[in-house]
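Following: one structure in structure tokens, then a few remarks.
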Amino acid sequence: QVQLVESGGGLAQPGGSLRLLCEASGRSIAADTMAWFRRPPGKEREIVAAVPWSGINPTYGDFVKGRFTISRDNRGNTVSLEMNDLNVEDTAVYYCAADPHFRLGTAVRDYESWGQGTQVTVSS
């Protein structure tokens, strides 16, 4: 069983940047698909980004529009999300998730391990 802990959230100005970090422990996530989801206020969780074990060809939610980059360090057992050009609609709790199956899932139900979430607030 893997434990996931997110960090790096906080307050950002519109147009600003944040880097989120997900640290995994308990087992290696080197073979897992890893993802970031978010839950904006009053909304359901939605996919932000997902990346397969290889780190190649990640997928992003439609709202990302080139602003975010997901990356992973399999030896370090971590996943990162670099967020640039933030806007107020990016305000949400951001979650790290892991899926040990051979797929690149974009649905909440595809993932079996979740972190506690980290709050991102974008405000002037």
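Scope of the values below: all heavy atoms of this structure, side chains included, with no hydrogens, waters or symmetry mates.
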Is the backbone of Asp110 close enough, under 3.5 Å, to the side chain of Arg103 for a donor and an acceptor to pair up by distance?
yes
Test Trp53 against Ile29 for side chain to side chain contact (heavy atoms under 4.5 Å, CB included), laying out the working first.
CA-CA 8 Å; Trp53 68 270; Ile29 48 83; over 6 Å; no
Full working for side chain to side chain contact (heavy atoms under 4.5 Å, CB included) between Val120 and Leu18
CA-CA 9 Å; Val120 171; Leu18 286 172; 3.8 Å; yes
Look up atom CG in Asp73 and atom CD in Glu23, then write down how far apart they are to the nearest 0.5 Å.
11.0 Å
Would Ile70 end up clustered with Leu21 when hydrophobic side chains under 4.5 Å apart are linked, directly or stepwise?
no
Closest heavy-atom pair and its distance - Ala50, Ile47
CB-CD1, 4.3 Å
Here the gap from Ser80 atom OG to Leu20 atom CG, rounded to the nearest 0.5 Å, amounts to 8.5 Å
Is the Lys NZ or Arg CZ of Arg45 less than 6.0 Å from the centre of Trp114's six-membered ring, within 45° of the axis?
yes
Spell out, yes or no, whether Val51 and Leu81 are grouped together once hydrophobic residues are joined by side-chain heavy atoms under 4.5 Å, including indirect joins.
yes
Do Met83 and Phe37 sit in one hydrophobic cluster, given that two such residues count as connected whenever their side-chain heavy atoms are within less than 4.5 Å of each other, even indirectly?
no
Say whether, by atom type as modelled, one donor and one acceptor occur between the side chain of Glu6 and the main chain of Cys96 under 3.5 angstrom.
yes
Between Ser124 and Gln13, is there a side-chain heavy-atom distance shorter than 4.5 Å?
yes
So, for Leu86 and Arg67, which heavy atoms are closest and what is the spacing to 0.1 Å?
CA-NH1, 3.8 Å
Lys/Arg N to Asp/Glu carboxylate O, Asp32 vs Arg72, below 4.0 Å:
no
Within the structure provided, determine whether Tyr94 and Val48 are in side-chain contact (heavy-atom separation under 4.5 Å).
yes
For the residue pair Asn77 and Arg75, confirm or rule out a side-chain donor-acceptor distance under 3.5 Å.
no
Looking at Ala92 and Gln119, what are the two nearest heavy atoms and their distance?
O-NE2, 3.4 Å
Does Thr91 use its side chain to pair, donor to acceptor, with the backbone of Val122 at less than 3.5 Å?
yes
Identify the two heavy atoms, one from Gly105 and one from Tyr111, that lie closest to each other, and give their separation to 0.1 Å.
O-OH, 2.7 Å
Pair Arg39 + Glu44, salt bridge at N-O below 4.0 Å:
no
Does the side chain of Ser71 reach to within under 4.5 Å of the side chain of Val79, using non-hydrogen atoms?
no
Between Thr69 and Tyr60, is a side chain to side chain contact (heavy atoms under 4.5 Å, CB included) present by the stated rule, with each step listed?
CA-CA 9 Å; Thr69 302; Tyr60 296 93; 4.0 Å; yes
Please report the closest heavy-atom contact between Thr33 and Leu104, naming both atoms and the distance.
CG2-CD1, 3.6 Å
For Arg19, does the CZ atom sit with more than 12 other heavy atoms under 6.0 Å from it, leaving out its own atoms?
no
Please report the shortest heavy-atom distance between Ser17 and Asn84, naming the atom on each side.
OG-OD1, 2.8 Å
Might you work through the side chain to side chain contact (heavy atoms under 4.5 Å, CB included) test for Tyr95 and Gln116, ending with a clear yes or no?
CA-CA 7 Å; Tyr95 299 90; Gln116 82 287 352; over 6 Å; no
We want to know whether Ser113 and Gln1 form a side-chain donor-acceptor pair, criterion being a heavy-atom distance below 3.5 angstrom.
yes
Answer yes or no: is there an ion pair linking Asp85 with Lys65, defined by an N-O contact shorter than 4.0 Å?
no
May I ask you to test the Leu4-Met34 pair for a side-chain heavy-atom distance under 4.5 Å?
yes
